[in-house]
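Notes follow once the structure below has been shown.
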Amino acid sequence: MTRLSQLLLPTEREPPADAEAISHKLMVRAGLVRQLGTGLWSWLPAGWRVHQKVVQIIREEIDAIGGQEMLMPVLQPADAWRKTGRYEIDELLKLQDRKGAEMVLAMTHEECVTTHVAQVVRSYRDLPFSVYHFQTKERDEPRPRAGVLRTREFIMKDAYTFDRDEAGLDVAYEAYARAYDRIFERTGLEWYSVESDVGMMGGSGAHEYMAPCAAGENEVALAPGYAANVEIASAEPQPVDVSAPLDAPERVHTPDATTVEAVARLLDVPAGALLKAFPIVVDDGAGRAGGLVLVVVRGDHRVNEIKLANALGAPWRPAREDEIADKIGPPGFIGPVGATVPILLDEAVGDGGYVAGANERDHHLRGVQPGRDFAFERVDVRKVEAGDTVGGTPITLEPAIEVGNIFKLGTRYSVPLGATYLDVDGREQPIVMGSYGIGPARIVAAAVEQFADEKGIAWPRALAPWDVEVVALGKPGSDELAAAEGLCRELRTIGLDVLLDDRDAGPGAKFADAELLGCPLRLTVGRRSLQDGRAEAQIRRGLRSVEGGIPLEGAADAVAELWRTLP
RNA sequence: CGGGAUGUAGCUCAGCCUGGUAGAGCACCGCGUUUGGGACGCGGGGGUCGUCGGUUCGAAUCCGGCCAUCCCGACCA
């Protein structure tokens, strides 16, 4: 039992002046966390209890699938990071020790764990296995934000699997996916897993675990049976009226109409009947090096930069105005017809006569038919929009916090770091890896975001810093306080964590703080209820009062029964 | 890295335009009263006004540099 009179719980009436996100405001107001600097947060006792509840849930579920907990250092020699190419990442914090040796502060632990595995694993008999730890990550984020949602230092559960081959990785990946399902289900969060981008560094599959909430940094496309990060989402476009193609493109005068909106208005066609040309320069050695490429999407659509990079299989940048003017046409009036550069045409562009830039100042072309009037390569590079359909059902887009991810790394790290084994035939093979992250702090913040109301936080049972807060209304030394202490002892017998508000404060202050802190159940012992031999009970989620409260005689049974019904 | 904003007491802010004794509410300390929804009275403590420099007889206030923090965007293994 924790006595509030002894607890370091600095609650505030007002949120920090510059806070925006609900979780930022409430976690500070409730005395859970305090800021030290940009993106640097201390967890105060009550907040740390919540964090550790999340950690314990994760630990139990990863242990259950055979993960082995260990611990690796944050401060690491730069050497392995140079070998994997990650030394160049801007977010990586670099420093020197007193001897001048290059060191880094780890942002994840692939380099470290793979280095060890390279030394230790010799034979296919040593595989597969999985290890994990909870450890601080350091990232020199360009823009930390929203309290503990995006910080420069945070604790991550990162797990790694090591397998003989892709088939083994698939099994491990699936086991982690099921463990993650159980973890997020146990937290009480609203969550879902989505397909996600595997990034430029390869990897053959990835999922993100998302907690929807207003402060989320990611956008997720949702339809029944479909959930994907908008970074990679695909959907059927909404229909648009496109006129029939003309026998040949017709040149029309469109003075100063350099935007889709202006052209659509001038020619009285929907924006979707235009072809939007997006010139880029692809940065690879595969025949397109240094060359311009024209990406063409429907006029009412936008290019999704990540989908484009994935379609190209290479980095790219927008073309500069001089490059466009030089190779294609006057900026604002460029189009695919007659362009001498490769053309990528988005899937959402169907048959029909489109309006496109004429590659001539103040002119567009009408009745342009893809295929007939220009050659193209078909790609899916547009950003999906709310109302697009998947399997006939419209999708919605909603913001979400990424609270976890699972990733098939393959041999991305084992090859540069020499993590190999000898197979049954005595041949050397690279170990096939997976990595699996969860950010407990984000789970905490997401829970605050999802369940807060105007009074404060309303924790899910599994995460609350204490299960029950007992509010004693009397002064220190009063009958009410004595009865409240007795009640706390009762509750301990059924394994509940109890916080007792034994402060010398008015009822208003105690109730307000209890609702701010958000323990799932509040029991109040005051003069009134004491006369009846009862404690009043309020369920925090929804602020529902329990009819008649609970009897002080036999409180353990009554509360145990009530507890089972709480969210 | 671009754009915007803010730095005055522990917190939320006023004062700055128009230079002249540094303020309020809450919080805190003492005494007393009070105890079912953030009490009341009386008394009290607490601030290099982010920082460095400039202008001025005199700077929280005007000017400049720097630093810090927040928001939007870019970025995000």
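Each chain gets a letter, A, B and so on, in the order the sequences are listed, and its residues count up from 1. Here the structure is a predicted model, which means the values were calculated and not measured.
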Q) If you pin A:Glu536 and A:Thr108 to their nearest nucleotides in RNA chain B, which one's is more 5'? A) A:Glu536
Q: Scan A:Asp513 against the nucleic acid and name what it touches under 4.0 Å (heavy atoms): base, sugar-phosphate only, or nothing.
A: base
Q. Base, sugar-phosphate alone, or nothing: which one does A:Ala146 contact when heavy atoms must sit under 4.0 Å apart?
A. sugar-phosphate
Q.
Say we look at B:C66 and B:G58: how far apart would their C1' atoms be, to the nearest angstrom?
A. 25 Å
**Q.** Along RNA chain B (nearest heavy atom to each residue), the more 5'-positioned of A:Ala509 and A:Met156
**A.** A:Ala509
Q | Pairing partner of B:G38 (Watson-Crick or G-U wobble, both distances under 3.5 Å) | A | none
Q) Can you tell me how far P of B:C71 sits from CD1 of A:Ile22, to the nearest Å? A) 14 Å
Q | Donor-acceptor pair, side chain of A:Ser529 and main chain of A:Val525, under 3.5 angstrom | A | no
Q.
If you go through the side-chain atoms of A:Lys475, does one of them form a donor-acceptor pair with the base of B:U34 closer than 3.5 Å?
A. yes
Q. Using the P atom in both, what is the distance from B:A60 to B:G47, to the nearest Å?
A. 16 Å
Q.
Treating A:Arg522 as the side-chain partner and A:Val470 as the backbone partner, does any N or O pair qualify as donor plus acceptor under 3.5 Å?
A. no
Q: Using a 4.0 Å heavy-atom cut-off across all strands, classify A:Gly37 as base, sugar-phosphate, or nothing.
A: sugar-phosphate
Q. What nucleotide among B:G37, B:U35, B:C75 has an atom nearest to a side-chain atom of A:Pro142?
A. B:C75
Q: Using the P atom on both, measure B:A68 against B:C28 and round to a whole Å.
A: 33 Å
Q | Mate of B:G47 where both pairing distances stay under 3.5 Å, Watson-Crick or G-U | A | none
Q. Choosing from B:C26, B:G73, B:U12, which nucleotide comes nearest the side chain of A:Arg13?
A. B:C26
Q: May I ask which nucleotide in the shown strands pairs with B:C1, Watson-Crick or G-U wobble, both distances under 3.5 Å?
A: B:G73
Q. Hey, does A:Ala17 reach any base, or is it just sugar-phosphate, or nothing, if we go heavy atoms under 4.0 Å?
A. sugar-phosphate
Q | Distance test, side-chain N/O of A:Thr38 to OP1/OP2 of B:C70, below 4.0 Å | A | yes
Q | Among B:G36, B:U12, B:G37, the nucleotide that comes nearest once only the side chain of A:Glu14 is considered | A | B:U12
**Q.** Nucleotide opposite B:A59 in a Watson-Crick or G-U pair, distances under 3.5 Å
**A.** none
Q) Taking atom P of B:G10 as reference, at what distance in whole Å does atom CG of A:Leu9 sit? A) 21 Å
Q) Under a 4.0 Å N-O cut-off, is there an ion pair linking A:Asp79 with A:Lys83? A) yes
Q | Gap between atoms CD and P, on A:Glu231 and B:A74 respectively (whole Å) | A | 12 Å
Q: Return yes if some donor-acceptor pair links the side-chain N/O of A:Thr420 with the main-chain N/O of A:Pro430 below 3.5 Å, else return no.
A: no
Q | Nucleotide B:U35, atom C1' - distance to CG of A:Leu481 in whole Å | A | 13 Å
**Q.** Options B:C75, B:C72, B:A77, nucleotide nearest the side-chain atoms of A:Glu305
**A.** B:C75
(Q) What's the closest nucleotide to the side chain of A:Arg143 if the choices are B:C70, B:G36, B:C72? (A) B:C72
Q. Please give, in whole Å, the distance from B:U69 P to A:Gln35 CD?
A. 7 Å
Q: Can you figure out which of B:G36, B:A74, B:A77 approaches the side chain of A:Met107 most closely?
A: B:A77
Q) Rounded to whole angstrom units, what separation is found between the CG atom of A:Leu36 and the C1' atom of B:U69? A) 13 Å
(Q) More than 12 heavy atoms of other residues, nucleotides or ligands under 6.0 Å from CD of A:Gln96: yes or no? (A) yes
(Q) Just to be sure I understand the rule, does A:Glu217 reach a base, reach only the sugar-phosphate, or reach nothing, if contact means heavy atoms closer than 4.0 Å? (A) nothing
Q | Heavy-atom neighbours of A:Asp453 CG exceed 12 at 6.0 Å | A | yes
Q. For the side chain of A:Glu91, counting heavy atoms from C-beta on, which of B:A77, B:C75, B:G38 is nearest?
A. B:C75
Q | Strand partner of B:U6, provided both Watson-Crick or wobble distances fall under 3.5 Å | A | B:A68
